[in-house]
Amino acid sequence: MATQQPAVRPANPRFSSGPCAKPPTFDVTKLADAALGRSHRAAIGKDKLKAAIEGTREILGIPADYRIGIVPASDTGAVEMALWSLLGARKVEMLAWESFGAGWVTDVVKQLKIDAEVKTADYGDIVDLATVDTKNNDVVFTWNGTTSGVRVPNADWITDDRVGLTICDATSAAFAMDLPWDKLDVTTFSWQKVLGGEAAHGVIVLSPRAVERLESYTPAWPLPKIFRLTKGGKLIEGIFTGATINTPSMLAVEDYLFALDWARSVGGLKGLIARADANAKAVFDFCDGNDWITNLAEDETTRSNTSVCLKFSDDRIQDGAAFAKAVAKRLEAENIALDIGAYRDAPAGLRIWCGGTVETSDLQAMLPWLTWAFEAEITAQA
């Protein structure tokens, strides 16, 4: 079997699913205007935080009456804030089809000790959304399964006349998928995913219905300071205008502002979605043309356009996990593809990030190398 190395290499070998590739025009000198050594409560700090919030609203098309806050601890902190602050008022349905969704189940059932109805699906699949009672229950779910490559196909299953809340972890969906804000009451993400920003901060988006819940319901458990969104039964409005709960990194904020400007330059949300779709299609077409590798998500309607998860399907492979690791190691050693191994809790295989900061030309250059690594490893195994 031929193991000739391809002639063309990717200009950028970074296909990590988080932190993700920086925007193609990134240079550290672009952050020279960061408000370093200044208080985030000074006018310059508040202005930059407010610009980050309003830029998020602009590009994602978030309604004017929705609140947007920058919060601690990345997407995890934002999700935990929502779970601890809002759940307990109504029956809860937890939907999980990958590791992060499963983690939210653990937090709700074992930490908050809520008797939730849990619905799960295997990696690569999704739960039967028609069975979810979004009218009466609070529902917690991930829009896109970062570790499984499966996404919600649409929001038709969420009722318009609901009395419960929808709490959506959208960290690998925001800026790559058109989120239906009228169907989402709490949405969280981290800018270190699709926009390739520096990690540490999360974003939480609250609908008027979510604000109403916060102001009318007090959980039975104590809330840590970094989770508190209300004071005296009223929303702390400052959080949603740039007065963050704790001290943010102004360097990370500056980096996000740069990423938002780059997003505008490629056509905003529509441009970002188009870039992700083109990237994912390059990988999907590659799988269609090679019978030894396939998409973990079998249903085309639920395949992610950001975190594309693959599995090897060749009968000659003796140890799937060892084989996948060896292929990823070969590609990393050649500086062709970095950090593309499957998530540790996921089925053996590869995970290739296809968000908008990745150039399609880099994926097209990398994929022939994937064939090379596969063939070289099959030969080595024989």
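Just the heavy atoms: all of them, side chains too, but no hydrogens, waters or symmetry mates, feed the values below.
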_Derivation of the side chain to side chain contact (heavy atoms under 4.5 Å, CB included) call for Phe323 and Phe374_ = CA-CA 9 Å; Phe323 187 88; Phe374 166 78; 3.5 Å; yes
*Taking only Lys NZ, Arg NE, NH1 and NH2, and the carboxylate oxygens of Asp or Glu, determine whether Lys329 and Glu332 approach each other closer than 4.0 Å.*
no
*asked:* Can you classify the ring geometry of Trp104 versus Phe100 as parallel (below 30°), tilted (30 to 60°) or perpendicular (above 60°)?
replied: tilted
*Between Trp191 and Tyr256, does the ring centroid distance fall short of 6.0 Å?*
yes
_Backbone of Lys110 reached by a side-chain donor or acceptor of Lys113 within 3.5 Å_ = yes
*Could you pull out the closest heavy-atom pair between Leu331 and Ile340, with the gap in Å?*
CD1-CD1, 3.7 Å
*Do Asp178 and Lys270 meet the salt-bridge criterion of a basic N to acidic O distance under 4.0 Å?*
no
*Kindly work out whether a path of hydrophobic side-chain contacts (I/L/V/M/F/W/Y, heavy atoms less than 4.5 Å apart) joins Leu95 to Val118.*
no
*Using the rule that two of Ile, Leu, Val, Met, Phe, Trp, Tyr join whenever any of their side-chain heavy atoms come within less than 4.5 Å, decide whether Leu195 and Phe189 are in one cluster.*
yes
*Measuring from Ile239:CD1 to Ile245:CD1, what's the distance to the nearest 0.5 Å?*
4.0 Å
*Output the distance between atom CH2 (Trp369) and atom CG (Asn335), rounded to the nearest 0.5 Å.*
10.0 Å
*Roughly how far apart are Glu98 CD and Arg151 CZ, rounded to 0.5 Å?*
14.5 Å
*For the residue pair Thr147 and Ser99, confirm or rule out a side-chain donor-acceptor distance under 3.5 Å.*
yes
*Could you walk me through whether Asp314 and Arg316 pass the salt bridge (charged side-chain N to carboxylate O under 4.0 Å, His left out) check?*
CA-CA 5 Å; Asp314 193 290; Arg316 294 169 293 176; 2.8 Å; yes
*Linking I/L/V/M/F/W/Y whenever any side-chain heavy atoms sit under 4.5 Å apart, do Val140 and Trp221 land together?*
yes
*Would Ile53 and Ile204 show up in the same hydrophobic cluster when neighbours are defined by side-chain heavy atoms closer than 4.5 Å?*
no
*asked:* Please check: side-chain N/O of Glu215 versus main-chain N/O of Leu235, any donor-acceptor pairing under 3.5 Å?
replied: yes
*Indicate whether the side chain of Thr29 and that of Asp27 have a donor and an acceptor atom separated by less than 3.5 Å.*
yes
*Rounded to the nearest 0.5 Å, what's the gap from CD on Gln192 to NE2 on His201? Could you check?*
11.5 Å
*Spacing of Thr302 atom OG1 and Leu129 atom CG [to the nearest 0.5 Å]*: 9.5 Å
_Close aromatic pair by centroid cut-off 6.0 Å: Trp157 and Phe141_ = yes
*Please walk me through it: do Asp138 and Arg213 pass salt bridge (charged side-chain N to carboxylate O under 4.0 Å, His left out)?*
CA-CA 11 Å; Asp138 291 340; Arg213 170 75 66 83; 2.9 Å; yes
_Asp291, CG: over 12 other non-hydrogen atoms inside 6.0 angstrom_ = no
_Carboxylate-amine/guanidinium contact Asp185 Arg162, below 4.0 Å_ = yes
_Under 3.5 Å, is there a donor on one side chain and an acceptor on the other for Thr306 and Ser304?_
yes
*Between Val108 and Leu83, which heavy-atom pair has the shortest distance, and what is it?*
CG2-CD1, 4.0 Å
*Do the side chains of Thr187 and Trp143 get nearer than 4.5 Å, heavy atoms only?*
no
*Would you please test Val139 and Ile167 for side chain to side chain contact (heavy atoms under 4.5 Å, CB included) and show each step?*
CA-CA 6 Å; Val139 180; Ile167 300 176; over 6 Å; no
*State plainly whether the residues Glu198 and Lys22 are in salt-bridge range, i.e. N to O under 4.0 Å.*
yes
*Provide the closest heavy-atom pair for Thr142 versus Trp97 in the form atom of the first, atom of the second, distance.*
O-CZ2, 3.0 Å
*With hydrophobic residues grouped by side-chain heavy-atom distances under 4.5 Å, do Val152 and Trp181 end up in a single group?*
yes
*Should the pair Lys30-Glu254 be classified as a salt bridge under the 4.0 Å nitrogen-to-oxygen rule?*
no
*Should we say atom CD of Glu212 is surrounded by more than 12 heavy atoms from elsewhere, each under 6.0 Å from it?*
no
*Within a reach of under 6.0 Å around CG of Asp161, are more than 12 heavy atoms found that belong to other residues, nucleotides or ligands?*
yes
*asked:* Is there a salt bridge (charged side-chain N to carboxylate O under 4.0 Å, His left out) between Glu298 and Arg303? Walk through the geometry before answering.
replied: CA-CA 8 Å; Glu298 295 184 5; Arg303 286 178 180 172; over 6 Å; no
*Where is the tightest heavy-atom contact between Gly242 and Leu49, given as atom of each residue plus distance?*
O-CD1, 3.0 Å
*Can you find a side-chain donor-acceptor pair between Ser307 and Asn144 that sits under 3.5 Å?*
yes
*Take Val203 and Ser190, measure what side chain to side chain contact (heavy atoms under 4.5 Å, CB included) needs, and give me the verdict at the end.*
CA-CA 6 Å; Val203 175; Ser190 169; over 6 Å; no
_Suppose we screen for side chain to side chain contact (heavy atoms under 4.5 Å, CB included). Which residues come up paired with Ala96, at least two apart in sequence or across chains?_
Val105, Thr120
*Would the number of heavy atoms belonging to other residues, nucleotides or ligands and lying under 6.0 Å from CD of Gln381 be above 12?*
yes
*Val308 and Ala280: which non-hydrogen atoms are nearest, and at how many Å?*
CG2-CB, 4.2 Å
*Kindly indicate, with the supporting measurements, whether the criterion side chain to side chain contact (heavy atoms under 4.5 Å, CB included) is fulfilled by Phe175 and Leu260.*
CA-CA 10 Å; Phe175 297 105; Leu260 290 170; 4.2 Å; yes
*Among side-chain atoms of Glu334 and Gln5, is any donor-acceptor pair under 3.5 angstrom?*
yes
*Just by distance, do the side chain of Ser16 and the backbone of Pro19 share a donor-acceptor pair under 3.5 Å?*
yes
*Co-members of the apolar cluster containing Tyr123 [side chain, <4.5 Å]*: Leu296
*Any side-chain heavy-atom pair from Val211 and Arg67 closer than 4.5 angstrom?*
yes
*How many angstroms lie between CD1 in Ile70 and CG in Asn246, if you round to the nearest 0.5 Å?*
11.5 Å
*Of all heavy-atom pairs between Leu223 and Trp84, which one has the smallest distance, and what is that distance?*
CD2-O, 3.4 Å
*asked:* If the threshold is 4.0 Å, N to carboxylate O, is there a salt bridge linking Asp362 and Arg14?
replied: no
*Has Arg41 got more than 12 heavy atoms of other residues, nucleotides or ligands less than 6.0 Å from its CZ?*
yes
*asked:* If you count heavy atoms of other groups shown closer than 6.0 angstrom to CG of Asn154, is the number above 12?
replied: yes
*Are Glu377 and Arg330 close enough that some pair of their side-chain heavy atoms sits under 4.5 Å apart?*
yes
*Trp292 vs Phe312 aromatic rings, parallel, tilted or perpendicular, using cut-offs 30° and 60°?*
parallel
